[in-house]
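Beneath this line is the structure, given in C-alpha cells, with notes to follow.
Note that the coordinates shown come from a computational prediction; the quantities given were computed from them, not determined experimentally. For ligands, and for the atoms within them, numbers begin at 1 and follow the listed sequence.
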Amino acid sequence: MRIEREAGGPRRAMLKQKTALITGITGQDGSYLAEFLLEQGYRVVGMQRRSSTETLWRIAHLLDKIELVQGDLLDQLSLIEIVQAYQPDEIYNLAAQSFVPTSWQQPVLTGEFTALGVTRLLEAVRLVKPDAKFYQASSSEMFGKVVEVPQNERTPFYPRSPYGVSKVYGHYITINYRESYGLFAVSGILFNHESPRRGLEFVTRKVTHGVAKIKLGLARELRLGNLDARRDWGYAPDYVQAMWLMLQQDQPDDFVVGTGKTHSVRQLCEIAFGCVGLNWEDYVVVDPALFRPADVDLLVADATKARTVLGWRPTVSFEEMIELMVDADLRLLKGEDVPPGMVAPVLRRGI
Ligand code: NAP
Ligand code: G4F
C-alpha cells in the first residue's frame, strides 16, 4: 500500500485506502475478486450493465460492502465517466462475452465486448487516469490449436473461435497501450478455472450439476459433446489472487496462470459421477450437436513465471474442486445451505 502524508495535518503517515474498479463483477471471477479485495481493505466499485432481470446473485452477500455503478463495455462515455468519478487505483477488466460456443452464434457482438471493449476501457484510462494499474483477463483459449506443450508466455497463439480471436486482440491492445503510453497494463493468461459459482453452461458445472440431478432422481442422462478435449482446470478463488499479485509488481508484465495438470472431459465425468458412487458410462450421452465447429484439444500451463515472480501456487486439486462442486450442487438442489454467491434466481425456483 502507498504511504501518504495527511494534507495540512501532523506529520504522521497514514495508509490510503485503495479503490479498485471491477468490470464483470457479476460474473464468477468478479465475485471472488470483489471478496478478495474487500479482505485486503480496498474500496470496491463494480461496473454492472443495465439489465431488466436480476444478475446480482453471485454478489448478493457483498452488496452492503461494495459500490455498483452502471456502465457497459459498448459505451465509451460510460467508461470515461466511471473512471473520472471513482479515480480507481486498480482496474480489473473481467467483463466479456465469455462462452465460446456463443462466439460462433454472435461473432460480431463477441468482438465488440471482448475485443473492442478492451480498447474502450484502455482509452478511458489513458484519457482520465493514466496512473491507474490495469488488468486484462486474457485466456488460454488464445493458444487454441497449441503449437507447443505446455504453454507459457512465449508460446505463439493459434485461436480456434471468434472468442479466442477477440481475446488475442484484447491481449495485444493491452500490451500496445503499455508500450505506446507507458500505462501499467498487464495481461493474465488464465487457464480454465471453475467453482460452484461457474455458469451452468460451462462443462465442469454442467457435469457437477448434472451428476447432482441424476443422483437425486431429477434427471436420467447427461448430454455432452467432445469427451476427448483436455483442459488445465483450476479453482477460481486461487486465480483472482494471481490477478491481484500482477498489479502489485514494480513493473507491468504478462503471466500464464494454471495448474500444470490436464484432464479430459471423460476423466471429469469419471471423477464427478464417482463422487456419488455412480458409473458415468451409464448416464452420459454424446450429442453431436454439442461439438464445436473447431475445438481446442489440449491445454496445459507452464506457470513457472507466475510461481517464481509472483509466488503464486494453486491450493486446490482438480479432484478436490470437482468434489466440492458436486457437493455444492447436491445441497443446492436439496434446498440446503450452499456456499455464498451460488443461488441463481432461476435455481431458487427449482428449474
Ligand atoms: P463470466 O462469469 O461469464 O462473467 C462475465 C462478466 O462480464 C459478467 O459480469 C457479465 O455481466 C459481464 N459483461 C458481459 N458483457 C458486458 C458488457 N458489454 N458490459 C459490461 N459487462 C459485461 O466470466 P468469468 O468466468 O468470471 O471470467 C471473467 C473474465 O475472464 C472474462 O473476460 C473471461 O473471458 C476471462 N477468462 C475466464 C476464464 C475462466 O476459466 N473462467 C479463463 C480465462 C479468461 P452480466 O452478469 O450482465 O452478464
Ligand atoms: O467449459 P467449456 O465451455 O470451456 P472453454 O471452452 O475451455 O472456455 C472456458 O475457458 C477459457 C479458458 O481456456 C475461457 F477463456 C472461457 O471464457 C471459458 O471460461 O468447455 C471446455 C471443453 C471444450 O473443449 C468443449 O468442447 O469441454 C468440451 N465439452 C464437451 N461437452 C463441452 C461439452 N463444453 C460445454 N460447455 N458443454 C458441453 O456439453
Heavy-atom distances under 4.0 Å are what count here, so tell me which part of [X] touches ligand 2: side chain, backbone, both or neither.
X    : value
F291 : neither
R198 : side chain
D295 : side chain
L224 : both

Distance from [atom] to nearest protein heavy atom, with residue and atom:
atom                    : answer
atom 10 (O) of ligand 2 : N192 ND2, 3.0 Å
atom 39 (O) of ligand 2 : K206 NZ, 2.8 Å
atom 8 (O) of ligand 2  : V100 CG2, 3.7 Å
atom 20 (O) of ligand 2 : R292 NH2, 3.3 Å
atom 29 (N) of ligand 2 : V203 CG2, 3.9 Å
atom 36 (N) of ligand 2 : E201 O, 2.9 Å

Near [X], which atoms of ligand 2 are under 4.0 Å from a heavy atom of that residue?
X    : answer
S140 : 12 (C), 13 (O)
S139 : 11 (C), 12 (C), 13 (O), 14 (C), 15 (F)
F99  : 3 (O), 36 (N)
S98  : 16 (C), 17 (O), 18 (C)
A229 : 24 (O)
N226 : 28 (C), 30 (C), 31 (N)

Exercise for the section: Could you grab the distance from atom CZ of F36 to atom OH of Y42, nearest 0.5 Å is fine? Expected result: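 It comes to 8.0 Å.
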Are any of the N or O atoms of [X] closer than 3.5 Å to those of ligand 2?
X    : result
G225 : yes
L227 : no
W233 : no

Exercise for the section: Verify whether the ring centers belonging to F157 and F143 lie closer than 6.0 Å. Expected result: yes
Practice task
Verify the ring-centre separation between Y92 and W244: is it less than 6.0 angstrom?
Solution key: no
Exercise for the section: Indicate yes or no: does K129 engage D131 in a salt bridge with an N to O separation below 4.0 Å. Expected result: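 Looking at D131 together with K129, the answer is yes, because their closest N to O distance falls below 4.0 Å.
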Handout entry: Charged N-O contact under 4.0 Å between E141 and R292
Key =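 No, this pair does not count.
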Practice task
Write out the protein residues near ligand 1, meaning a non-hydrogen atom under 4.0 Å from one of its atoms, in order of chain and number.
Solution key: G24, T26, G27, Q28, D29, M47, R49, T55, D72, L73, L94, A95, A96, S98, F113, A137, S138, S139, Y163, K167, L190, F191, N192, H193, R198
Practice task
For D282, look at atom CG and say whether over 12 heavy atoms of other residues, nucleotides or ligands are found less than 6.0 Å away.
Solution key: yes
Practice task
Step through the shown structure and confirm whether more than 12 heavy atoms of other residues, nucleotides or ligands are within 6.0 Å of NZ on K305.
Solution key: yes
Practice task
Would you tell me whether Q48 and T26 have side-chain atoms, one donor and one acceptor, within less than 3.5 Å of each other?
Solution key: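 T26 and Q48 do not have a side-chain donor-acceptor pair below 3.5 Å.
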